[in-house]
Amino acid sequence: MGWKNLLIFSAFLLCVSCNSFYQHPEGGFRPKKPKFSVNKNNFSFNTKIDTLAIYANIDTLKYGQNASVYFYKFFNNGNCFLKSFDAKKHITKTELKPGFIGHYQSNNNGIEIEIYNVNVRTQSGNYETQKGIIKGDSLILENQFIDGKQDIFIKQTLDFLPVSSNW
């Protein structure tokens, strides 16, 4: 009977080690070997991006009784993340932990964002890029799924000091 347990444990270990990502203790999924195409080494900070705020999508996503709002959080070192919060509540510091991490690059009024997205069901991760413009206190990004549609994210100030980024 010991060999069956060893076989089951080996199969489990093989499945876990094949993943290209891991779940970080502070929240979100991270790639084991990051391969972002947005080059963080050539990053130069754009003062049009407010790193003390979040940029929340104007559209609310509804799942049955639940409604959530997606938002981007940007840092002055080129890091960013995408996450959601309950649309019925005000965002708290607890919800500001990284969800899907990424990098961004901006110059003048343009912005390019690359997020590492994980599909837990298929156990796979991929890099998704969005491009858009900075217009006042808003980001207008190309929709990833519908050609010609735009996603609008509006700046929202926070009542607390945001967390730092470490990826």
Side-chain angles (χ1 to χ4, degrees), residues 21 23-31 34-120 125-167:
F21 62 89
Q23 188 165 10
H24 196 273
E26 292 180 16
F29 295 98
R30 313 279 173 97
K35 296 177 184 172
F36 289 99
S37 64
V38 173
N39 192 347
K40 194 173 143 182
N41 295 332
N42 295 331
F43 178 77
S44 61
F45 181 66
N46 186 342
T47 58
K48 292 181 181 183
I49 299 288
D50 188 346
T51 59
L52 298 177
I54 62 169
Y55 289 83
N57 196 323
I58 62 170
D59 292 329
T60 303
L61 296 175
K62 294 183 180 177
Y63 305 100
Q65 298 292 329
N66 300 324
S68 62
V69 175
Y70 276 90
F71 69 92
Y72 280 104
K73 171 69 182 96
F74 298 97
F75 299 92
N76 59 5
N77 63 357
N79 291 344
C80 65
F81 69 81
L82 176 67
K83 196 171 180 185
S84 66
F85 64 92
D86 187 340
K88 298 174 188 170
K89 299 179 183 177
H90 190 63
I91 191 165
T92 65
K93 195 170 188 173
T94 306
E95 293 155 329
L96 203 61
K97 291 185 178 179
F100 299 108
I101 66 162
H103 298 298
Y104 75 99
Q105 190 69 261
S106 65
N107 56 13
N108 296 325
N109 293 329
I111 188 165
E112 181 179 8
I113 304 167
E114 185 176 23
I115 296 292
Y116 182 71
N117 189 7
V118 171
N119 184 329
V120 180
N126 63 318
Y127 295 88
E128 296 176 356
T129 303
Q130 276 190 293
K131 293 181 181 182
I133 61 169
I134 305 165
K135 190 171 185 178
D137 283 347
S138 301
L139 299 177
I140 303 169
L141 303 175
E142 299 169 357
N143 186 285
Q144 298 171 327
F145 307 106
I146 304 171
D147 286 339
K149 185 177 183 307
Q150 297 174 327
D151 295 321
I152 301 172
F153 292 80
I154 297 178
K155 181 174 101 171
Q156 291 183 3
T157 57
L158 299 171
D159 300 336
F160 51 86
L161 191 61
V163 296
S164 61
S165 65
N166 62 355
W167 55 88

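Keep in mind the model is a prediction, meaning the values are calculated, not measured.
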message = Show the nearest heavy-atom pair for residues Phe81 and Ile101, with the distance to one decimal.
response = CB-CA, 4.1 Å
message = Main chain of Tyr127, side chain of Glu114: is a donor-acceptor contact present, judged purely on distance under 3.5 Å?
response = no
note = Heavy atoms of Phe29 and Val118 approach each other most closely as CB-CG2, 3.5 Å
request  = Indicate the atoms forming the closest heavy-atom contact of Ser106 with Asn46, along with that distance.
outcome  = OG-CB, 3.0 Å
key: From NZ (Lys131) to CG (Leu141), nearest 0.5 Å   = 12.0 Å
key: Over 12 non-hydrogen atoms of neighbours within 6.0 angstrom of NZ in Lys48   = yes
query = Any idea how Phe43 and Phe45 line up, ring-wise: parallel (<30°), tilted (30 to 60°), or perpendicular (>60°)?
reply = tilted
ask   = Looking only at heavy atoms, which two atoms of Phe160 and Leu96 are closest? And how far apart?
value = CE1-CD2, 3.6 Å
ask   = Going from CD1 on Ile140 to CZ on Phe153, what distance comes out if it is rounded to the nearest 0.5 angstrom?
value = 11.5 Å
Any side-chain heavy-atom pair of Tyr55 and Asp50 under 4.5 Å = yes
Verdict with supporting geometry, Leu52 and Leu158, side-chain contact (heavy atoms from CB on, under 4.5 Å) = CA-CA 7 Å; Leu52 298 177; Leu158 299 171; over 6 Å; no
inquiry  = Between Val38 and Ile113, is there a side-chain heavy-atom distance shorter than 4.5 Å?
reply    = no
query = Would you call Ile49 and Asn76 a side-chain contact if the rule is heavy atoms closer than 4.5 Å?
reply = no
ask   = If you look at every heavy atom in Lys73 and Ala53, which pair is closest and at what distance?
value = CD-O, 3.5 Å
query = Is it true that Phe75 and Tyr104 have ring centroids separated by less than 6.0 Å?
reply = no
task = Measure the shortest side-chain to side-chain distance between Leu139 and Ile134 over non-hydrogen atoms and say whether it is less than 4.5 angstrom.
result = yes
key: Side-chain heavy atoms of Leu82 within contact of Tyr70, under 4.5 Å   = yes
query = Considering all heavy atoms of both residues, which atom of Lys149 and which atom of Asp59 are nearest to each other, and what is their separation?
reply = NZ-OD2, 3.8 Å
note = One should read off an interatomic distance between Ser68 OG and Lys89 NZ, to the nearest 0.5 angstrom, of 12.5 Å
ask   = What residues, two or more places apart in sequence or in another chain, satisfy side-chain hydrogen bond (donor to acceptor under 3.5 Å, both in side chains) together with Asn57?
value = none
request  = For Asn109 and Lys135, test the side chains for any donor-to-acceptor distance below 3.5 angstrom and give the result as yes or no.
outcome  = no
message = Walk me through whether Asn79 and His103 qualify under side-chain contact (heavy atoms from CB on, under 4.5 Å).
response = CA-CA 4 Å; Asn79 291 344; His103 298 298; 3.1 Å; yes
query = Got a sec, which residues hit side-chain hydrogen bond (donor to acceptor under 3.5 Å, both in side chains) with Tyr116, two or more places apart in sequence or on another chain?
reply = Ser20
note = Result for side chain to side chain contact (heavy atoms under 4.5 Å, CB included) between Gln130 and one of Glu112, Glu142, Gln144 points to Gln144
key: Asn117 and Asn126 side chains, donor-acceptor separation under 3.5 Å   = no
query = So, Asp137 side chain and Ile154 main chain: donor-acceptor pair closer than 3.5 Å or not?
reply = no
query = Above 12 or not: heavy atoms from other molecules or residues under 6.0 Å from CG of Asp147?
reply = no
ask   = Is there a side-chain contact between Asn143 and Gln150 (heavy atoms, below 4.5 Å)?
value = no
